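Let me begin by presenting the structure, written as structure tokens, before commenting on it.
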There are 2 protein chains.
Amino acid sequence: MTIKKKTKDLILDAAEELFAIRGFYGVSIRQITSKAEVDPALASYHFGKKKDIFEAVMLRRAEVLNRERIQMLDDCIRRAKPNPAPLNEIIDAFTHALLNRSLKGGDGWRSYFAIIAQINNHPELGGVIMSQYFDPLAKKFIAAIQANMPDSQDEDLFWCYHFLSGALTLTFSGTERISKLSAGVCSSSDLDAVHERLVPFITAGFKAFDKQRN
Amino acid sequence: MTIKKKTKDLILDAAEELFAIRGFYGVSIRQITSKAEVDPALASYHFGKKKDIFEAVMLRRAEVLNRERIQMLDDCIRRAKPNPAPLNEIIDAFTHALLNRSLKGGDGWRSYFAIIAQINNHPELGGVIMSQYFDPLAKKFIAAIQANMPDSQDEDLFWCYHFLSGALTLTFSGTERISKLSAGVCSSSDLDAVHERLVPFITAGFKAFDKQRN
DNA sequence: AAAATATTTCAACATTTGTTTAATTATTAG
DNA sequence: CTAATAATTAAACAAATGTTGAAATATTTT
């Protein structure tokens, strides 16, 4: 016997799923509350404005995700001490929690990442959350890379990070186009396959800017 | 003395700019026609439904862009004959027109790419246009890579292409977050800097899956 | 020139939008 | 139990939504 979910979470669950498909402006509060089987007025009562619902959806999972990723990054750095952490381990630490949740986290997480992919390309909406939760981690990540590649230029590393971010983002969006393009080549639903390829790909990309090694 | 623009183009220009900022659902027909300084009914008259306006916006530039990119790819393959085209040239051919238009094409092109970044992560909207104009090129591109790396596995190459696509997409979106993150490191508006880094980064990523070389 | 077609205008339509108000029911605290 | 607080309901609001129709104006064709 499962306990009854609270209204707040019912609304967030419904909002999460709908925002993932149609974006912020493509979803009405009535659609959300209807899917949550709840009175429309409860959305305002519990969260305030529509934007606040959206931010609540983002915050709910951002916290746990952020904690996991920082932990992995710290672990990987501590393991390697006093040497700098290996490049591929840094990149794995940065991406592992994301890919893992996206694959094994269930529908809620899948929706969540679809939203992340949207707002990552859309300044107006996710500005606050993204910079609050993701940017600090990004800086930590770049710093770890810098320790591994001390002779590389900051500007190069920044762009490399940028490319990594884009590759990750698109992977999460789960577009149908991808599976159509790859028809017969592979099943894009098997996200384990991504992990085996993303890390080597990105690692090699970073190493191309390692002055010491080249 | 400049000639007066036709109504159709006035609407498309306004729509392009607005869609880029707020997405399909975030923009109303009245906002579009108001910016275009044109009667709201003219949108329906010239284009039909709202979705048709969106598709018209996409088509207008997709054609010229597609032609340019196919041309560059063919040129690069022909130049190298009978050998396979070099990896970095293939990738440059794939990205050059995009980055060039994005940098030097003016505001219209910038808006256009922002929309591309949105729909690339959003199946419902850009499915038709993307698969009509971009997927054929993607296949051509992957085929060229395959010729260069005959021993590599199809599945690997597909994913590498996927990562490239993501990196490109995020670059075009022009998010403010990027410039905040890179504060003091570099000016993200200088897209020439991207080109110098994207090609080596992606090339190295692909080469990581070159069985022959490794 | 007149006739035919293309474009533009203005007004209106039925829905849907986000949000608020006041009344009612559940839950918790004293 | 009683009082106080929290949560839910139903109704209503003005504003904005996409789209259409018929009349008026431009443009092109004959």
Side-chain angles (χ1 to χ4, degrees), chain A residues 1-60 115 118-119 122 124-129, chain B residues 1-60 115 118-119 122 124-129:
Chain A
M1 169 182 170
T2 56
I3 62 164
K4 201 181 74 180
K5 271 199 176 179
K6 297 292 203 181
T7 309
K8 267 193 168 191
D9 276 319
L10 288 175
I11 293 175
L12 288 183
D13 289 344
E16 187 172 58
E17 189 175 336
L18 290 173
F19 283 146
I21 303 172
R22 313 238 311 164
F24 179 77
Y25 299 107
V27 176
S28 75
I29 289 181
R30 282 176 169 84
Q31 289 172 334
I32 294 172
T33 54
S34 162
K35 181 184 253 295
E37 290 176 301
V38 142
D39 192 276
L42 288 175
S44 307
Y45 174 74
H46 284 292
F47 297 100
K49 310 285 184 190
K50 187 183 176 186
K51 277 232 163 85
D52 298 324
I53 304 178
F54 188 80
E55 298 208 347
V57 168
M58 294 286 89
L59 279 175
R60 195 167 51 148
I115 302 176
Q118 285 177 36
I119 67 176
H122 198 299
E124 188 182 338
L125 288 174
V128 185
I129 290 106
Chain B
M1 169 181 173
T2 57
I3 61 163
K4 202 180 74 182
K5 271 201 177 179
K6 296 292 201 183
T7 309
K8 267 193 168 189
D9 277 319
L10 287 175
I11 293 175
L12 289 183
D13 289 344
E16 188 172 58
E17 189 175 336
L18 290 173
F19 283 144
I21 303 173
R22 312 237 311 163
F24 178 77
Y25 300 106
V27 176
S28 74
I29 288 181
R30 281 177 168 82
Q31 289 172 334
I32 294 171
T33 53
S34 162
K35 181 182 255 295
E37 292 177 300
V38 140
D39 191 276
L42 288 174
S44 307
Y45 175 73
H46 283 289
F47 297 100
K49 310 287 183 190
K50 186 183 177 186
K51 278 232 163 86
D52 298 323
I53 304 178
F54 188 79
E55 297 207 349
V57 168
M58 293 286 89
L59 279 176
R60 195 168 50 149
I115 303 176
Q118 286 178 34
I119 67 175
H122 198 298
E124 188 182 338
L125 288 175
V128 186
I129 289 105

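Residue numbers begin at 1 in each chain, while the letters A, B, ... track the order of the sequences. The model shown is predicted, which means the values in this text are computed figures rather than measured ones.
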Any H46(A) side-chain N or O less than 4.0 Å from OP1/OP2 of dA6(D): no

N or O in side chain of T7(B) less than 4.0 angstrom from dT7(C) OP1/OP2: no

With sequence neighbours left out, the residues meeting salt bridge (Lys or Arg N to Asp or Glu O under 4.0 Å) with K35(A) are E17(A)

Check the distance between [N]'s [atom2] and [X]'s [atom1] and give it to me in whole angstrom.
X      : N       : atom1 : atom2 : answer
K51(B) : dG18(D) : NZ    : P     : 12 Å
L18(B) : dA16(D) : CG    : C1'   : 16 Å
F47(A) : dG18(C) : CZ    : C1'   : 16 Å
L10(B) : dT7(C)  : CG    : P     : 14 Å
I11(B) : dT7(C)  : CD1   : C1'   : 11 Å
K6(A)  : dA26(C) : NZ    : C1'   : 11 Å

All N/O contacts under 3.5 Å from nucleotides 20-26 of chain D to the protein, with atom names and distances to one decimal?
{"residue": "dT20(D)", "atom": "OP1", "partner": "K49(B)", "partner atom": "NZ", "Å": "3.4"}

Hey, can you pull the residues of residues 24-36 of chain B with a non-hydrogen atom under 4.0 angstrom from DNA chain D? V27(B), S28(B), I29(B), R30(B)

Minimum heavy-atom distance Q118(A)-F19(A), with the two atoms named: NE2-O, 3.3 Å

Kindly give the heavy-atom pair with the smallest separation between M58(B) and I119(B), and that separation in Å. SD-CD1, 3.7 Å

Quick one: side chains of residues 39-47 of chain A, donor-acceptor pairs under 3.5 Å with protein atoms, not counting sequence neighbours, listed by atom name and distance.
{"residue": "D39(A)", "atom": "OD1", "partner": "A41(A)", "partner atom": "N", "Å": "2.9"}

Note, DNA chain D 5' to 3' with Watson-Crick or G-U pairs under 3.5 Å encoded as ( ), [ ], | and . gives ||||||||||||.||||||||||||||||.

Would you say the side chain of E37(A) lies within less than 4.5 Å of the side chain of L10(A), judging by non-hydrogen atoms? no

Exercise answer: donor-acceptor pairs, residues 20-34 of chain A side-chain atoms, under 3.5 Å, sequence neighbours excluded:
{"residue": "R22(A)", "atom": "NE", "partner": "G26(A)", "partner atom": "O", "Å": "3.1"}
{"residue": "R22(A)", "atom": "NH1", "partner": "Y25(B)", "partner atom": "OH", "Å": "3.0"}
{"residue": "R22(A)", "atom": "NH1", "partner": "E124(B)", "partner atom": "OE2", "Å": "3.3"}
{"residue": "R22(A)", "atom": "NH2", "partner": "G26(A)", "partner atom": "O", "Å": "3.2"}
{"residue": "Y25(A)", "atom": "OH", "partner": "E124(A)", "partner atom": "OE2", "Å": "2.8"}
{"residue": "Y25(A)", "atom": "OH", "partner": "R22(B)", "partner atom": "NH1", "Å": "3.0"}
{"residue": "S28(A)", "atom": "OG", "partner": "Q31(A)", "partner atom": "N", "Å": "3.1"}
{"residue": "Q31(A)", "atom": "OE1", "partner": "S28(A)", "partner atom": "N", "Å": "2.9"}
{"residue": "T33(A)", "atom": "OG1", "partner": "I29(A)", "partner atom": "O", "Å": "3.0"}
{"residue": "T33(A)", "atom": "OG1", "partner": "R30(A)", "partner atom": "O", "Å": "3.3"}

